[in-house]
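Beneath this line is the structure, given in structure tokens, with notes to follow.
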Amino acid sequence: MEDEVMIQESSLHITEFALTNDVSKVSSIRDRFVNFLSSLGLNEREKDAWKLVFTELINNAIEHGSGAQATQKIYARWWSVNNSVWLETEDSGEGPPRKLIRNPTLPTDPLAEGGRGLYIIQEFADHFNHWYSSSGYMAKVCIGYNRLNNVLPLNPEMDAILDELSDCYESLSLFDRMAANLLQDERIDRFVQSALNMFMDARDYSAIHLELYQAEKNSIYQWISSIDAYGVFGQINSDASELLRLNDSINWSTKRSNHPFSSAEKYPVGCCAPLYVGDEIVGLIAVGCEANDQIILSNDVRNLRALADIIGVSVSRALLDIEKDERKRLATEMHIATELQQQLLPIDKEISEIPGYELFYSSISALEVAGDFVEVRQNDAGEYLGCVIDVMGKGVSAAILAGIFRSQFIAYSFRGGSLSTFIEGVNQSLESQLGGATMFITAFIFKINPESHEITYAAAGHPPALLFRGDGALQELVSTGPPMGLFPEIEYGQTQIQMSAGDRLIAVTDGLYEWTEGEDIFGWEAMVKWFTDNQHLDSKTLWSQLQSKMLQARVSQSIEQEDDETLLILTRK
């Protein structure tokens with residue numbers, strides 16, 4: 001809080017205020033100074049001029065004196081003696097640049113920063129004294145009057161500058177308060193309502209209108225559309241809407257008969273500006289006046305644009321907060337799904353050893369959770385059951401279906417039965433649970449007797465497994481029915497084959513051949529040829545070299561892994 005001190009030097013009464021770096025206190029101190037001027041009999045024009053000078057001197061003291069140090073004090077003093085009014089400021093800084101203080105000039109743009117204030121003060125004052133000392137900078141302004149109620153002579157050009165500058169200061173104070181509210185208010189509708197109320201309290205308009213083109217688009221727009229100042233002018237017509245998009249503002253008046261709204265005849269004069277959220281125009285904001293002779297000035301348009309910008313920023317921030325909350329929710333769900341899948345689909349476990357065979361399998365997910373699954377387990381009869389499955393899609397939904405399949409696969413390994421019966425049961429279960437949703441599972445399932453070396457397999461819409469015979473011949477083991485989950489009451493077949501020494505069975509999912517190589521898809525034929533050409537390699541080397549080939553293609557194209565990748569290789573020794 002500022003400190004007021006009355007200093008008496010003989011018959012001279014000096015009022016002194018000490019304040020810290022707080023622009024919000026300037027207006028209250030300035031009001032005290034204006035009251036002092038009123039007591040001397042100065043008229044409104046004279047007081048307005050003094051108000052501008054006061055603001056310039058105090059702002060210079062704050063900017064060049066206390067700066068960002070809130071504890072540094074500046075002093076404002078005023079007094080009257082011998083038909084003259086004196087105003088003095090003192091700060092601990094170095095003051096304005098010396099070059100500027102020696103020869104202040106009015107910038108080409110009167111509203112631009114730099115030199116304007118000092119020029120106005122020199123033009124205004126009878127005496128403008130300022131000096132530097134070891135303790136800081138002091139500035140003193142004096143105006144003398146024949147009688148203290150005489151009108152201060154000002155030229156029309158300076159009058160216009162002073163009026164516009166005064167309006168600019170008021171606008172800056174208004175938008176500064178709005179920005180402070182923006183940081184404090186958590187609800188977007190409350191902030192917008194308060195911003196509109198503050199704007200209307202500070203400006204000379206009859207009504208304000210906020211129009212959103214798609215109020216139902218999201219909850220933020222719905223909240224804003226419920227505030228008191230929404231929709232008072234009706235809808236803007238299509239021609240005016242396009243004109244507003246191209247020109248960033250529209251002014252209307254009774255003289256031009258260019259009212260752009262459908263139901264605002266009560267407001268024959270006004271202006272509107274587009275409401276941007278990011279780079280998109282989502283609506284508009286407009287003000288209207290009931291008086292036919294009121295004029296919309298350039299500063300009115302600037303203020304309205306500034307209000308629209310502040311509301312647009314607030315909406316952008318609110319939408320970003322919602323997006324962050326949604327991302328956080330999805331991240332939490334993904335974390336839960338990942339932990340669940342690691343329990344339900346433990347891919348990275350020790351691979352079973354089948355007597356007389358070399359078994360290898362691996363799976364790499366494109367996302368944190370996978371739709372591919374591979375497993376081999378032994379049943380009570382000493383047989384080994386294996387499966388390679390691929391769920392349509394990726395992510396959580398695919399992982400859930402893969403988990404459902406594994407639960408039924410484990411149950412089947414305990415109860416036994418034919419492969420075809422097992423697949424038919426899974427198909428019926430999925431089809432009834434999915435209820436017509438376009439989701440399905442492809443699978444290659446096999447059973448091997450390590451003593452007789454007989455393999456029984458069934459496949460549901462899965463890519464053919466490759467059986468490389470020891471003599472180099474290749475046999476494709478094609479599906480015995482469609483994918484599971486699409487059609488009810490499908491009968492699946494099963495086939496039995498004999499594994500001889502040196503035979504190798506390879507089962508894959510489509511992620512191993514439906515990947516981009518240059519401008520083309522690698523493709524099924526290319527994958528089969530690659531396996532054929534590299535049958536001399538052991539299983540782990542086959543997998544690692546194929547992975548290296550795929551990774552090299554992704555790096556060269558700067559793309560991510562496109563699909564889950566799964567491979568199973570069973571070789572009879």
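Side chains included, hydrogens not; waters and symmetry mates left out as well; all remaining heavy atoms used. Everything numeric in this text was worked out from a predicted model, so none of it was measured.
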Please lay out, stage by stage, how Phe124 and Leu52 fare under the test side chain to side chain contact (heavy atoms under 4.5 Å, CB included).
CA-CA 10 Å; Phe124 166 78; Leu52 180 59; over 6 Å; no
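- Between Asp564 and Val391 the shortest side-chain heavy-atom distance does not fall below 4.5 Å.
- Scanning for salt bridge (charged side-chain N to carboxylate O under 4.0 Å, His left out) contacts around Glu560 gives an empty result, with sequence neighbours left out.
- Taking all atoms of both residues into account, the shortest heavy-atom contact from Leu57 to Ala139 is CD2-CB, 4.0 Å.
- With contacts defined as side-chain heavy-atom distances shorter than 4.5 Å, the pair Leu284/His209 qualifies.
- Here the shortest heavy-atom pairing between Tyr75 and Ala18 reads CE2-CB, 3.5 Å.
- For Asn35, the CG atom counts as densely surrounded, since its 6.0 Å shell holds more than 12 non-hydrogen atoms of other residues, nucleotides or ligands.
- Taking the side chain as every heavy atom from C-beta outward, Val315 and Val282 never approach each other to under 4.5 Å.
- Ser249 pairs by the side chain to side chain donor-acceptor pair (under 3.5 Å) definition with Arg305, not counting sequence neighbours.
- In this structure, the separation between CH2 on Trp78 and CH2 on Trp50 is 11.5 Å, given to the nearest 0.5 Å.
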The test is side chain to side chain contact (heavy atoms under 4.5 Å, CB included); show your working for Asn129 and Cys142 and say whether it passes.
CA-CA 9 Å; Asn129 301 322; Cys142 172; over 6 Å; no
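- Looking at every heavy atom in both residues, Ala61 comes nearest to Asp91 through CA-OD2, 3.5 Å.
- Pro268 and Asn292 get closest at one heavy-atom pair: CG-OD1, 2.9 Å.
- For Pro274, the side-chain contact (heavy atoms from CB on, under 4.5 Å) test picks out Leu244, Asp248, Tyr276, Ile281, with sequence neighbours left out.
- Separation of atoms CG (Leu401) and CZ (Phe440) is listed at 10.5 Å; rounding is to 0.5 Å.
- For the pair Phe233/Glu211, no side-chain contact is recorded, criterion being any heavy-atom separation below 4.5 Å from C-beta on.
- Looking only at distances, a side-chain donor or acceptor of Asn258 sits under 3.5 Å from a matching main-chain atom of Asn251.
- In terms of heavy-atom proximity, Ser80 sits nearest to Ser84 at OG-O, 3.0 Å.
- You'll find the side chain of Val34 stays beyond 4.5 Å of the side chain of Phe54, heavy atoms only.
- Under the side-chain contact (heavy atoms from CB on, under 4.5 Å) criterion, Asn247 pairs with Leu243, sequence neighbours left out.
- Side-chain atoms of Val53 and Ile121, non-hydrogen and from C-beta on, do get closer than 4.5 Å to each other.
- Nearest approach of Leu307 to Phe199, heavy atoms of both residues: CD2-CG, 3.6 Å.
- Judged by distance alone, with hydrogens and angles left aside, the side-chain atoms of Ser314 form a donor-acceptor pair with the main-chain N or O of Ile311 at under 3.5 Å.
- With sequence neighbours left out, the side chain to side chain donor-acceptor pair (under 3.5 Å) criterion links Ser316 to no other residue.
- With sequence neighbours excluded, the residues that form a side-chain contact (heavy atoms from CB on, under 4.5 Å) with Asn237 are Asp239, Ala240, Pro260.
- Within the structure, the ring pair (Phe, Tyr, Trp, His ring centres under 6.0 Å) test picks out no pair touching residues 290-326 (sequence neighbours left out).
- For Glu88, the salt bridge (charged side-chain N to carboxylate O under 4.0 Å, His left out) partners two or more places apart in sequence, or in a different chain, are Arg77, Lys140.
- Note that the CD1 atom of Ile58 and the CD1 atom of Ile74 stand 4.5 Å from one another [nearest 0.5 Å].
- For residues 78-87, no residue pair satisfies the salt bridge (Lys or Arg N to Asp or Glu O under 4.0 Å) rule, not counting sequence neighbours.
- Identified under the ring pair (Phe, Tyr, Trp, His ring centres under 6.0 Å) test for residues 238-258, with sequence neighbours left out: Trp252-His259, Trp252-Phe261.
- Proximity of a side-chain donor or acceptor of Ser262 to a complementary backbone N or O of Gln235 within less than 3.5 Å is detected.
- Distance check: Arg30 CZ to Phe33 CZ gives 11.0 Å after rounding to the nearest 0.5 Å.
- Here Ile250 contributes atom CD1 and Cys272 contributes atom SG; the two are 4.5 Å apart, rounded to the nearest 0.5 Å.
- Glu290 pairs by the side-chain contact (heavy atoms from CB on, under 4.5 Å) definition with Ser206, Lys266, Tyr267, not counting sequence neighbours.
- Interatomic distance, CG of Leu37 versus CD1 of Ile143, reported as 11.0 Å (0.5 Å rounding).
- Under the salt bridge (charged side-chain N to carboxylate O under 4.0 Å, His left out) criterion, Glu242 pairs with Arg245, sequence neighbours left out.
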Determine whether Asp510 and Asp390 satisfy the following criterion, side chain to side chain contact (heavy atoms under 4.5 Å, CB included), listing intermediate values before the conclusion.
CA-CA 8 Å; Asp510 57 11; Asp390 186 1; 3.0 Å; yes
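- Side chain of Gln557 to backbone of Thr516: a donor-acceptor contact under 3.5 angstrom is found.
- Around atom CD1 of Ile295, no more than 12 heavy atoms belonging to other residues, nucleotides or ligands sit under 6.0 Å away.
- Looking at Asn218 and Tyr221, their side chains come closer than 4.5 Å, going by heavy atoms from C-beta outward.
- With contacts defined as side-chain heavy-atom distances shorter than 4.5 Å, the pair Leu434/Leu486 does not qualify.
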